Amino acid sequence: MRQKIIMDVDTGIDDSLGLLYVLASPEAELLGIVSTAGNVSAPQVATNNLALLELCRAPDIEVALGADTPLAIPLQTTEDTHGPQGIGYAEFPLPPRRISPRSGAQLWVDLVREHPGEIVGLCTGPLTNLALALRIEPRLPQLLGRLVVMGGAFNHPGNTTPTNEWNVHVDPEAWQEVFAAFAAAPADRRPLVCGLDITETIEMVPDHLARLAERARSVPEHEVSETDTPGTRSKASNPIVRFLTDAVRFYFEFHRHYDQGYLAHMHDPFAAAVALDPGLARTRAATVEVELGGTITRGTTVADWAGMWGREPNADIVIGTDPAVFFDRLIERVGDFARTVYPDR
Ligand code: RIB
Ligand code: CA
């Protein structure tokens, strides 16, 4: 039995690697993709999702458009991090595939009602559309098999303000509504949270791309070096490798610009790998709240590890993993996938 998955993404460079990871995983059955505004606008996210499915010669997986704005505040996007289209230096032709007539929130609701208890929900962007789905169907936490989210920072600095993480920063009210709704979930269905504490240890470097190109039998294998002229475009023979290289190069340059090194934090594909195999992560239960009223701390996720608030935990927070195991799995799956989709390139 394949694992049924809904992905809710703000594609985004690392979101696209998360989608590739799931598409490349034979044990996953991707039922639908919700396009959430975050890194770029919701329509741009949806276009990126449709175009990525086309690039991957994937089946007609439903792609739904999410809300234009967060629950309570104007949308803030981050083209400086992910590029003008949200996919770094990569450029997609307009996809021939069409967007779903259902909204992102309705897609969540319809799928969990159709497959009660079977679906893993994987969120790698703001939780806006999951929160809207919960308003339509309050039973969603009982109807969803498991929720895995990329977001938050717990005993770790933020990446958007000194204390908050981007996906929460864009829509803090959504995070609060989702985690309040899941507070009643049984212990084995608590949201599994991949925060910056761990995802900032998932550091992709050029050698990972070279290994993936080699696995895909794409040439040339070694295309990216920190001495390259910024914006150099890939000449990889395999179209999926070419896309990945152009997307991730932008991310390498972004992280270097902020003195983090010529590397890229692979937040979202790590969350995808955990969604398919929770055994990759060590977790610790905690009660999580997000600061909504703070001036300098708004959007900060707070974990009560020791039960000081006297409430049951509502989250399992990832506190450990082995990045090398993850990268071996990413390279093997996506490299083999790229070669299978384009065997003659
Ligand atoms: O903070 C990192 C997260 O924000 C990732 O999901 C990235 O894609 C952005 O959405
Ligand atoms: Ca994302």
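Note that ligands are numbered from 1 as they come in the structure, with each ligand's atoms numbered from 1 the same way. All values reported here derive from a predicted model rather than from experimental measurement. Positions are given from 1 along the sequence.
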task = Pull up every protein N/O/S atom sitting under 3.0 Å from the Ca ion (ligand 2), skipping waters.
result = D10 OD1, D15 OD1, D15 OD2, T124 O, D268 OD2
message = Between Y21 and F337 (judged by ring centroids, cut-off 6.0 Å), do the two rings come close enough to count as a pair?
response = no
remark   = Quick look: N159 vs ligand 1, heavy-atom contacts under 4.0 Å, and the answer is side chain
message = Can you name the atoms of ligand 1, numbered from 1 with element, that are less than 4.0 Å from a heavy atom of E165?
response = 1 (O), 2 (C), 3 (C), 4 (O)
message = Give me the nearest non-hydrogen protein atom to atom 8 (O) of ligand 1 as residue plus atom name, then the distance to 0.1 Å.
response = D14 OD1, 2.5 Å
Numbering as shown, the atoms of ligand 1 that approach D15 to under 4.0 Å (heavy-atom distance) = 8 (O)
query = Short list, please: which atoms of ligand 1 are under 4.0 Å from a heavy atom of M150?
reply = 2 (C), 3 (C), 5 (C), 6 (O)
query = Under 3.5 Å, side chain of S237 to main-chain N/O of V219, donor-acceptor pair present?
reply = yes
Approximate separation, where rounding is to 0.5 Å, of R113 CZ and L144 CG = 13.5 Å
note = The answer for which part of N39 has a heavy atom under 4.0 Å from ligand 1 is side chain
request  = Consider only side-chain heavy atoms of I, L, V, M, F, W and Y, link residues closer than 4.5 Å, and tell whether L192 and L127 are in one cluster.
outcome  = no
message = For ligand 1, which is the ligand I care about here, please tell me if H267 has any N or O atom under 3.5 Å from one of the ligand's N or O atoms.
response = no
remark   = D10 heavy atoms within 4.0 Å reach ligand 1 at atoms 8 (O), 10 (O)
request  = Give the contacting part of H265 toward ligand 1: side chain, backbone, both or neither, where contact means a heavy-atom distance below 4.0 Å.
outcome  = neither
Polar atom proximity, Y251 to ligand 1 (N or O, under 3.5 Å) = no
